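As structure tokens, the structure follows; a few thoughts come after it.
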Amino acid sequence: MTEDLGAFDELEEAPDGHDPVGRLESAASPVPRVSGSPLVGVLVGSASDLPIMQQATAILERFGIPHEIRVISAHRNPDVVDEFARTAEERGMVCVICGAGLANHLAGAIAARTALPVIGVPLSGGTLGGMDALYSTVQMPRGVPVATMAIDGAVNAAILAAQILAVRDPAVRAKIYGFKDSLAEGFRP
Ligand code: RP5
């Protein structure tokens with residue numbers, strides 16, 4: 001499960017010791033452990049989605065944002081999806097990231113049941129290379145938006161979630177600006 005964590009590896013091992021998110025944490029701290037009730041829920045449709053979607057949790061970890069990751073499928077566990085979506089807000093969540101492949105109905109199923117913003121990540125695992133998941137995530141009917149990332153765009157999903165939190169959280173906002181400075185300096189997550 002560690003084979004495809006390129007973005008996180010780069011954050012950890014940026015050239016010249018440049019650690020755009022981590023520099024805002026203790027310089028000595030490797031990967032900060034984030035505690036507290038989760039503000040961001042990361043859902044994946046299958047355990048096979050974890051290698052990509054753990055790129056999102058790695059970014060959230062670096063930003064110091066409490067989160068949880070759960071494997072629940074819109075098709076295989078519809079009752080769990082229903083329960084998660086209906087209780088996420090009362091459990092203190094601020095947004096939900098959903099990553100799934102093939103016919104990705106996870107993000108839409110969550111968005112149908114909560115007022116929290118939902119970020120969808122179409123995953124590339126299937127024979128159509130993720131175009132199936134992209135279309136099924138982005139082509140939501142009017143009235144039920146899902147903020148759809150690029151295929152396998154787990155890193156951007158986490159950054160967008162952080163930016164949503166940053167609206168009300170000056171500490172996270174400062175980290176976002178630090179991260180943007182690092183992008184201007186050449187860092188690529
Ligand atoms: C989707 O089907 C999952 O999100 C995954 O991307 C894909 C394959 O799932 P598995 O057969 O590997 O469980 O629902």
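When a ligand or atom number is given, it counts from 1 through the structure's own listing order. All of these numbers come straight from a predicted model, not from anything done at the bench.
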Could you give the side-chain donor-acceptor pairs of residues 74-81 under 3.5 Å, partners two or more places apart or in another chain?
residue : atom : partner : partner atom : Å
H75     : NE2  : H105    : ND1          : 2.7
N77     : OD1  : S73     : N            : 2.9

Fill in: Set of residues that line ligand 1, where lining means a heavy atom lies under 4.0 Å from it
G45, S46, S48, D49, R76, A100, G101, L102
Worksheet item: Which residues pass the salt bridge (charged side-chain N to carboxylate O under 4.0 Å, His left out) test with D82, sequence neighbours left out?
Response: R86, R113
Fill in: Residue pair F187, D181: steps toward the side-chain contact (heavy atoms from CB on, under 4.5 Å) verdict
CA-CA 9 Å; F187 173 75; D181 286 346; over 6 Å; no
Item to complete: Determine the sole option in V146, I97, L43 for which the side chain to side chain contact (heavy atoms under 4.5 Å, CB included) test with V121 is passed.
Response: I97
Side chains of residues 151-168: which donor-acceptor pairs under 3.5 Å do they make with residues two or more places apart or in other chains?
residue : atom : partner : partner atom : Å
D152    : OD1  : S124    : N            : 3.0
D152    : OD1  : S124    : OG           : 3.3
D152    : OD2  : S124    : OG           : 2.7

Item to complete: Report yes if the side chains of T148 and P122 come closer than 4.5 Å at any heavy-atom pair, otherwise no.
Response: yes
